[in-house]
2 protein chains.
Amino acid sequence: MSESPRRKIPEAALGRLPIYLRILVDLSHDKVTQVSSEQLAELAAVNAAKVRKDLSYLGTYGTRGVGYEVQFLTYQIQRELGLNQSWPVVIVGAGNLGQALANFTGISERGFHIVGVVDKDETKIGTVVGGVRVKHADELTQIVQAKHVSIGIIATPAQHAQEAADALVKAGIGSIMNFAPTVLSVPRDVNVRKVDLALELQILSYYEQCRNNGLRSVPTGNQSDSVSA
Amino acid sequence: MSESPRRKIPEAALGRLPIYLRILVDLSHDKVTQVSSEQLAELAAVNAAKVRKDLSYLGTYGTRGVGYEVQFLTYQIQRELGLNQSWPVVIVGAGNLGQALANFTGISERGFHIVGVVDKDETKIGTVVGGVRVKHADELTQIVQAKHVSIGIIATPAQHAQEAADALVKAGIGSIMNFAPTVLSVPRDVNVRKVDLALELQILSYYEQCRNNGLRSVPTGNQSDSVSA
DNA sequence: AGGAGTTCGTGAAAGAGTGAACAAACGAAT
DNA sequence: ATTCGTTTGTTCACTCTTTCACGAACTCCT
């Protein structure tokens, strides 16, 4: 299967495809069948030329004078992002954050499903979060291999994040999403994305301070998202 | 007070300052007093020249042939980011995510404190999360103004995110951190950063798919973080 | 004091991302 | 069939970011 992705998509564009995708799904829900780059740009709060350029990395799926067919474009973006299948995901850490993630419906609605949650804390083991029973961290490798998991989420405290990463790597995982505020050290072929809540707040703090000092310098065109590189 | 920030710091550099800051705090904890750009780069998993250039936006705080004094640099970064003070933050939405955020110690340890959590769900009101009692959303403006809050966090479901944003803006908030998977529409002078968990996973999905198709194309130098713009 | 060995700060080049502008291609209307 | 208005796909100029490379400045050792 799969006409493989024609070329590699630039990081910046890649980060916007999921946004377009979500908007398209919403539009489809509203029975909209066609959409122009202009409309899509408006909904995504970006430039229309950017939308067209981003979409052109996927192929030539628009019709001049008309726009894009919502259903078709939705399918193409999904295919490109590998969202035809539902990816099994394992969560390491069953604390507040781990539980919230496991219960987060947005994950299961958008191409992923939680197949395991592990922790080292005996009091958490056996409890059920997000529909799965929490297991001991020692069982991580077994879960990963049995369920063919390639994406792992680290939701442990910072001081345990590296060992969680090591365990995930050893279990054979290829991609890690890290919520702990730590820089992980992993083999080169393992892909890591991090989300650092405090970091984002600190950036807001900077702009708030600028504002208070009279230097009105909100980054031109607000609505930033976190970037990984 | 405050020698105001000399110039505006580029977004890319700004996103790394909190990382350096965290590393410096850790080093300080380990009684390390001096650090070179090379070491800092290693710990942050970036290029040493980048570290030096990033830090040069703050001023000339290094000593050639020696490196940077940990304590001093820590202070300077904190000052630049506006982290001398502890910023009051309000959370809208007391669901799984809102609760996790309110309980997340990393927030309070790094320059912020939760002064309010609001929700519209009557069953949640009155419960205590993260040390504060959940209040009704109608009281948002009052909380914001009484506590001089300028940063708000949206942790509502997607369909209520825009009204949460509107309420925050009306209450007079200047910066919003949005966890709901929606593009918010806000006045130009309000700064928004978004964190979209599913979006990040979808990017990982893309790379996993590439890997499976034989196109080994992990973005050169892994460990990306989310970017907002 | 002077030389050897470090390490910073920065200029300049290379690379990536953005946005304006326009030709090509389409539908609709006459 | 032709014309007209629309919208895409892409080129080009510009900005932002990253990386290299090197002079300047500091410490330590002799």
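Residue numbers start from 1 in every chain, and the chains themselves are labelled A, B, ... in the order their sequence lines are given, proteins ahead of strands.
Each of Gly67(B) and Asn47(A) has a nearest nucleotide on DNA chain C; the 5'-most of these lies closest to Gly67(B). Each of Thr63(A) and Arg64(B) was matched to the nucleotide of DNA chain C holding its nearest heavy atom; the match closer to the 5' end belongs to Arg64(B).
Across all their heavy atoms, Gln209(A) and Glu80(B) have their closest contact at NE2-O, 2.9 Å.
For the pair Tyr206(B) and Leu83(A), the minimum side-chain heavy-atom distance is 4.5 Å or more.
For Glu42(B), the CD atom is loosely surrounded, since the number of other residues' heavy atoms within 6.0 Å does not exceed 12. Residue-environment remark: CD (Glu163(B)) exceeds the threshold of 12 foreign heavy atoms within 6.0 Å.
Counting only distance, with no hydrogens or angles, the side chain of Gln162(A) and the backbone of Ser185(A) share a donor-acceptor pair below 3.5 Å. For Arg52(B) (side chain) and Ser37(B) (main-chain N/O), no donor-acceptor pair under 3.5 Å exists by modelled atom type.
Counting non-hydrogen atoms under 4.0 angstrom, Ala12(B) reaches the backbone sugars and phosphates but no base.
Running 5' to 3' along DNA chain D, contacts with non-hydrogen atoms of chain A at under 4.0 Å begin and end at dT6(D) to dC12(D). Bounding nucleotides for the chain A contact on DNA chain C, 5' to 3', at a heavy-atom distance below 4.0 Å, are dG17(C) to dG27(C).
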Anything under 3.5 Å between a donor and an acceptor, one on a side chain of residues 153-160 of chain B, the other on a protein residue two or more places apart or in another chain? List them.
residue: Thr156(B); atom: OG1; partner: Ala161(B); partner atom: N; Å: 3.4

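With Ile114(A) as the fixed residue, the side-chain contact (heavy atoms from CB on, under 4.5 Å) test singles out one of Val90(A), Asn103(A), Ile91(A): Ile91(A).
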